[in-house]
Number of protein chains: 2
Amino acid sequence: MTRITRGGLAEEVVAHVRDQILRGELRPGQKIDQEQIAEDLDVSRSPIREGLVVLGKEGLLEITPRRGAFVAEISRADVVDHYELFGLIAGRVAAMAATTFTDEQRAELQHIHVLFTEASDDEAARLNHEFHQLINGAAPRRTRWLIRHLERSIPAGFFERTPGWKSEAVADHQTIVDAIVDQDADAARQAMELHLHEAGVAASNALEASGFWEESE
Amino acid sequence: MTRITRGGLAEEVVAHVRDQILRGELRPGQKIDQEQIAEDLDVSRSPIREGLVVLGKEGLLEITPRRGAFVAEISRADVVDHYELFGLIAGRVAAMAATTFTDEQRAELQHIHVLFTEASDDEAARLNHEFHQLINGAAPRRTRWLIRHLERSIPAGFFERTPGWKSEAVADHQTIVDAIVDQDADAARQAMELHLHEAGVAASNALEASGFWEESE
DNA sequence: GGCTTGCATATTGTATACAAAATGACTGTG
DNA sequence: CACAGTCATTTTGTATACAATATGCAAGCC
């Protein structure tokens with residue numbers, strides 16, 4: 001049994017189950033069958049259980065002692081709320097960036113943004129990530145930690161798959177860049193909050209399209 | 001081997017290790033010895049590993065694949081930042097409460113606050129919890145989830161052990177109650193942010209006192 | 001002397017085995 | 001026919017066993 005386990009099998013389990021949930025193959029409320037996953041991935045239950053704990057902490061699963069793990073009942077309101085919170089944090093960070101960024105950082109931000117506007121669709125995803133990464137660098141450590149946590153709960157690479165995301169993102173990013181370059185903290189906050197709000201709508205639509213909220217049979 | 005484990009041994013492990021960290025028995029950067037915990041609690045490594053995953057997701061441990069789990073290097077800045085974030089969220093929720101609460105809820109809030117001011121020290125902790133619980137009821141589901149997450153990362157019952165916490169809390173709570181009763185969303189937000197900021201300072205001091213940041217020998 | 005190399009040991013990660021509890025069907029009873 | 005109680009089956013939770021990797025130390029080399 002050769003395997004390329006780069007970070008442990010639990011990670012593989014996390015990715016597998018998360019995908020199944022986000023694809024709509026596992027429906028909200030449905031029970032997670034550990035034995036089934038063991039069969040699918042050819043793995044024992046030890047790493048599976050550790051993976052399920054992770055997904056539980058991310059809010060994708062509801063784990064009840066002695067009963068098992070169930071797909072969390074996530075509503076449209078939950079997704080919107082999630083991104084609203086994300087926006088609240090990210091907005092605060094953008095405001096920090098507006099007041100603390102050096103000239104070099106401002107230039108770098110503009111540079112990334114220009115590349116982003118001109119990039120092909122698959123490069124755009126990477127540059128989008130770099131863009132937000134740079135801004136988030138202005139945040140203190142614990143804030144960055146929380147942002148990572150929020151990113152993983154409703155994974156990235158989600159927004160990037162909705163039609164027309166790029167042109168929308170370019171416009172939003174432009175506003176954000178302008179505000180940070182102007183050192184206008186409040187405008188940066190507002191622009192970032194709006195951007196994340198729109199990302200939330202997009203994510204919500206993407207989940208809708210994947211049949212996430214379809215009635216069962 | 002009789003045990004009263006009502007929620008699984010992993011929970012016991014989480015509580016045990018968390019306590020050890022917060023008491024300063026385990027220092028930041030120090031390695032977690034699974035075998036040692038197994039001996040301490042008379043438990044096998046299976047529930048231990050699951051517990052460590054939980055603490056990793058809470059940010060109290062740093063888990064490196066194939067290397068093990070280490071106590072996270074949490075600085076004063078991290079603690080302050082943590083409560084600042086907490087305040088950002090809780091402030092938003094307080095603002096919601098100010099605009100959405102019914103007359104009954106406002107009355108209930110005032111009632112709890114009066115009891116709180118008159119309570120003995122050990123009852124105060126419970127009423128403090130009820131107070132915040134009631135306000136957080138105004139938040140949407142995902143926000144409540146995030147709040148629970150933040151509460152667990154730097155566990156509650158922490159602030160409540162710093163000297164003079166009650167009188168400080170009474171004053172803060174009074175301001176919050178007034179703002180919510182006045183339906184002044186912005187005042188409620190500010191008051192709540194200030195309250196959490198002070199809680200952060202208190203928590204930071206408590207950690208200091210427990211020797212959390214002491215230099216090792 | 002300082003640095004690599006190789007091996008013994010310790011520790012993590014995974015698999016399997018076993019114990020305890022929940023689930024669900026079946027039976028008998030009102 | 002509804003329904004409570006019992007028992008077989010399934011599934012979770014925990015313990016143990018084994019495999020793979022990391023760690024630490026000692027010997028050899030520059």
Side-chain angles (χ1 to χ4, degrees), chain A residues 1-18 20-21 25-73 216, chain B residues 1-18 20-21 25-58 60-73 216-217:
Chain A
M1 192 207 298
T2 44
R3 206 187 286 275
I4 355 121
T5 64
R6 298 175 27 91
L9 295 183
E11 268 186 38
E12 233 171 283
V13 172
V14 170
H16 177 75
V17 175
R18 185 168 24 209
Q20 282 199 315
I21 294 174
E25 292 169 35
L26 287 170
R27 292 294 179 73
Q30 190 172 338
K31 174 161 189 171
I32 302 291
D33 185 343
Q34 300 182 359
E35 214 62 55
Q36 180 65 46
I37 300 173
E39 204 173 296
D40 289 356
L41 299 180
D42 193 31
V43 157
S44 82
R45 280 174 48 228
S46 309
I48 290 179
R49 291 181 57 84
E50 291 178 18
L52 295 185
V53 170
V54 170
L55 291 167
K57 279 289 161 185
E58 287 184 3
L60 238 55
L61 296 180
E62 190 75 30
I63 297 176
T64 316
R66 295 263 166 220
R67 301 283 310 276
F70 300 79
V71 179
E73 312 252 8
S216 29
Chain B
M1 188 204 301
T2 44
R3 206 188 288 274
I4 354 124
T5 64
R6 302 191 11 94
L9 295 183
E11 269 186 37
E12 231 171 284
V13 172
V14 170
H16 177 74
V17 175
R18 199 191 339 238
Q20 282 200 315
I21 294 174
E25 293 169 35
L26 286 171
R27 290 296 178 73
Q30 191 171 339
K31 173 161 190 170
I32 303 291
D33 186 342
Q34 301 183 358
E35 214 62 54
Q36 181 63 48
I37 300 173
E39 203 173 296
D40 289 356
L41 300 180
D42 193 30
V43 157
S44 83
R45 279 174 49 227
S46 308
I48 290 179
R49 291 181 58 84
E50 291 178 18
L52 296 186
V53 170
V54 170
L55 291 167
K57 279 289 159 185
E58 287 184 4
L60 237 56
L61 297 180
E62 190 76 27
I63 297 177
T64 316
R66 297 260 166 224
R67 301 281 311 277
F70 300 79
V71 179
E73 312 251 10
S216 32
E217 67 255 41

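Letters A, B, ... mirror the listed sequences (proteins, then strands); counts begin at 1.
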(request) Might you point out which heavy atoms bring B:Glu73 and B:Gly29 nearest each other, and give the distance in Å? (result) OE2-CA, 3.5 Å
(message) Within the supplied structure, the quantity of interest is the number of heavy atoms (other residues, nucleotides, ligands) at a distance under 6.0 Å from A:Glu62 CD; does it exceed 12?
(response) no
(request) Quickly work out the A:Gln30 CD to D:dT11 P distance and round it to whole Å. (result) 14 Å
(request) State the CD-CZ distance between A:Gln20 and A:Arg27, to the nearest 0.5 angstrom. (result) 12.5 Å
(message) Check this one for me: any side-chain N or O of B:Lys31 less than 4.0 Å away from OP1 or OP2 of C:dT12?
(response) yes
(message) Looking at every heavy atom in both A:Leu9 and A:Pro47, which two are closest together, and how far apart are they?
(response) CB-CB, 3.8 Å
(request) Identify the two heavy atoms, one from A:Lys57 and one from B:Val54, that lie closest to each other, and give their separation to 0.1 Å. (result) CE-CG1, 3.5 Å
(request) Would you mind reading off the distance between A:Ile37 atom CD1 and C:dA15 atom P, rounded to a whole angstrom? (result) 14 Å
(request) Let me know the distance between CD1 of B:Ile63 and C1' of C:dT11, rounded to the nearest Å. (result) 15 Å
(message) Please report the interatomic distance CD(B:Gln34) to CD1(B:Ile48), rounded to the nearest 0.5 Å.
(response) 6.5 Å
(request) Record whether the side chain of B:Arg67 comes under 3.5 Å of the base of C:dG13 through a donor-acceptor pair of N or O atoms. (result) no
Output a table of nitrogen or oxygen pairs between the protein and nucleotides 19-21 of chain C separated by less than 3.5 Å.
none

(message) Could you check whether any side-chain heavy atom of A:Leu61 comes within less than 4.5 Å of a side-chain heavy atom of A:Ile21, counting everything from C-beta outward?
(response) yes
(message) Quick check for you: to the nearest 0.5 Å, what is the distance between A:Ile37 atom CD1 and A:Leu52 atom CG?
(response) 5.5 Å
(request) Report the distance from atom CZ of A:Phe70 to atom P of C:dT23, rounded to the nearest whole Å. (result) 8 Å
(message) Tell me whether the side-chain N/O atoms of B:Ser44 come closer than 4.0 Å to OP1 or OP2 in D:dA15.
(response) yes
(message) In this structure, how many angstroms lie between the C1' atom of D:dT11 and the CG atom of A:Asp33, rounded?
(response) 9 Å
(message) Using heavy-atom distances to pick each residue's nearest nucleotide on DNA chain C, tell me which of B:Arg45 and A:Arg45 is more 5'.
(response) B:Arg45
(message) So if I take residues 46-54 of chain B and measure heavy-atom distances to DNA chain D, which residues fall below 4.0 Å?
(response) B:Ser46, B:Pro47
(request) For B:Leu61 and C:dT12, give me the distance from atom CG to atom P, rounded to whole Å. (result) 12 Å
(message) How many whole angstroms separate atom CD of B:Gln36 from atom C1' of C:dA10?
(response) 15 Å
(request) Please list, chain by chain and in numerical order, all residues satisfying side-chain contact (heavy atoms from CB on, under 4.5 Å) with A:Arg18, sequence neighbours excluded. (result) A:Val14, A:Leu22, A:Leu55, A:Glu58, A:Leu60, A:Arg152, A:Pro155
(message) What is the distance, to the nearest angstrom, from the CD atom on B:Glu35 to the C1' atom on C:dG13?
(response) 13 Å
